[in-house]
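Order of appearance sets the numbers: ligands from 1, and atoms from 1 within every ligand. Only heavy atoms go into these numbers, but all of them, side chains included; no hydrogens, no water, no symmetry mates.
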Amino acid sequence: MEDGDTSSSFPIGKSAQDKGLSYVPDCYVVPPPQRSNLTPETTNVPVVDLAGLHDPGERSHIIKDIGSASRGLGFFQIINHGVCQSVLDGALSSAFDFFNLPMEKKLEFMSNDVHKPVRYGTSLKDGIDKVQFWRIFLKHYAHPLKDWVELWPKSPANYRENMGKYATDVRKLALELTTAITESLGIGPTYLNNKMEEGMQVMAINCYPACPKPELALGLPPHSDYSCFTILLQSSQGLEIMDRNDGTWRAVLKLDSALQVHVGDHLEVLSNGLYKGVVHRVALNTERTRISIASFIQTLKI
Ligand SMILES: O=C(O)CCC(=O)C(=O)O
Ligand SMILES: [Fe+2]
């Protein structure tokens, strides 16, 4: 499945783009069957406490929990993950500051080339109904950090430092999770080590402004991630995941200090379908802008 915007074309009408105008959406209204009812039932998401991952007595239980969450929803939240609160807060606050910059600063990064290592844009569903989704984003490569950080935005002034620290800590966490995930599959903790060393870490910094009619629109359409797995930090609630048993959408409660882990398409393939890439989408609200920072962990090089 698609990642929600990688396959999409650029959301600026051609004539507007020619005239140098920014941002002329087709329509934000999604067809009725695809809308969120804004008060879906919440889902009981497994919370995995990683505190004992290096304790030989506890590791096997944690690995079992990761395995059963990956086989079930393909989604879990993690606590005691080793990324400290000040790093989480710093990344979110730099993300908010970036999206609050004057438009011309952000347009420097706008491109319709999906292979650009740093890219700002909005998402467009270019299929039937041509629905525009209520999201702006900044995407950038993050590993190895030294190869990419100089291409990241210079402003806000603390962006590179805060986002770089977060990216580095998430990388460390991702390597720990990789060993736990492959161990849970019974293929040993080092199965993906070399590939992960070389692999990509792409970050999507998503911004969903408050929406006057959230019942008509979506922040991101239903999709699963193309990654091996995705680690996600959010400023407030908004994610919905699909219950594979009955196709209904369930809201995910936000847990303070937790990070979310989404099983991606690559892990679904690697596990011969035992672990399932979670299908998810983003609902909106009238009150506040929501930020999420998705780190797509991949074994593939560019
Ligand atoms: O904003 C979210 O909670 C989800 C973001 C997401 O699914 C993505 O960037 O692929
Ligand atoms: Fe996603």
Side-chain angles (χ1 to χ4, degrees), residues 1-8 11 30 34 36 38 40 42-43 45 70 73-78 88 91-92 95-96 98-99 114 118-125 131-142 163 166-167 170 174 200-211 214 217-242 244 249-268 275-285 287-298:
M1 288 199 209
E2 61 183 347
D3 118 296
D5 82 278
T6 46
S7 62
S8 62
V30 294
Q34 291 168 30
S36 168
L38 301 181
T42 53
T43 187
V45 174
S70 305
L73 287 177
F75 180 86
F76 50 98
Q77 310 216 46
I78 47 177
L88 303 178
L92 286 173
F96 272 105
F98 173 79
F99 290 110
V114 295
V118 183
R119 190 164 69 96
Y120 172 78
T122 71
S123 51
L124 176 77
K125 181 124 170 122
V131 175
Q132 166 89 48
F133 293 93
W134 196 265
R135 175 185 78 142
I136 44 180
F137 66 83
L138 177 70
K139 283 195 174 183
H140 48 58
Y141 298 165
M163 209 53 85
Y166 176 71
V170 163
M200 296 274 295
Q201 179 177 342
V202 178
M203 294 172 80
I205 327 296
N206 302 303
C207 174
Y208 311 93
C211 176
L218 282 174
L220 266 183
H223 67 282
S224 60
D225 294 343
Y226 54 75
S227 55
C228 195
F229 58 90
T230 304
I231 298 177
L232 193 120
L233 168 66
Q234 58 179 343
S235 64
S236 56
Q237 197 166 308
L239 186 80
E240 295 183 358
I241 61 178
M242 190 197 264
R244 266 195 304 274
W249 289 96
R250 303 288 168 87
V252 176
L253 283 182
K254 182 179 184 303
L255 274 185
D256 284 345
S257 304
L259 291 167
Q260 299 174 344
V261 180
H262 301 218
V263 170
D265 297 341
H266 185 174
L267 185 51
E268 179 167 331
Y275 292 180
K276 297 284 189 290
V278 63
V279 177
H280 53 288
R281 68 181 185 183
V282 176
L284 301 160
N285 73 82
E287 265 136 49
R288 73 190 83 77
T289 294
R290 173 172 181 266
I291 297 275
S292 72
I293 304 179
S295 301
F296 303 101
I297 308 301
Q298 295 166 229

Within 4.0 Å of some non-hydrogen atom of Tyr208, the atoms of ligand 1 are 1 (O), 2 (C), 4 (C), 5 (C)

Quick one: sort the Tyr120 and Phe99 rings into parallel, tilted or perpendicular, breaks at 30° and 60°. tilted

Among Val252, Leu232, Leu259, find the residue that satisfies the side-chain contact (heavy atoms from CB on, under 4.5 Å) test when tested with Gln77. Val252

Mark up the atoms of ligand 1 that fall under 4.0 Å of a heavy atom belonging to Arg290, in ascending order. 1 (O), 2 (C), 3 (O)

Taking the Fe ion (ligand 2) as the apex, His223 NE2 and Asp225 OD1 span an angle, rounded to 10°, of 90°

Checking one value in my table: which N/O/S atom of His280 lies closest to the Fe ion (ligand 2)? NE2

Report yes or no: does Arg281 contribute a side-chain atom to a donor-acceptor pair with the main-chain N or O of Gln34 at less than 3.5 Å? yes

Under 4.0 Å from ligand 1, counting heavy atoms only, is it the side chain of Thr230, its backbone, both or neither? neither

Short list, please: which atoms of ligand 1 are under 4.0 Å from a heavy atom of Ala294? 9 (O)

Would you check if the side chain of Trp134 reaches a backbone N or O of Pro209 as a donor-acceptor pair within less than 3.5 Å? yes

Please say whether His280 places an N or O atom under 3.5 Å from an N or O atom belonging to ligand 1. yes

Checking the side chain of Gln234 only, and the main-chain atoms of Lys254 only, is there a donor and an acceptor separated by less than 3.5 Å? no

Going by heavy atoms, is Gln260 under 4.0 Å from ligand 1? no

In short, Glu240 meets Ser36 closest at the heavy-atom pair OE2-OG, 2.8 Å

Given 3.5 Å as the limit, does a donor-acceptor pair link the side chain of Ser235 with the main chain of Ile291, or not? yes

Consider ligand 1: state whether an atom of it lies below 4.0 angstrom from any non-hydrogen atom of Phe137. no

Only heavy atoms of Ser292, strictly under 4.0 Å: list the atoms of ligand 1 that pass. 1 (O), 2 (C), 5 (C)

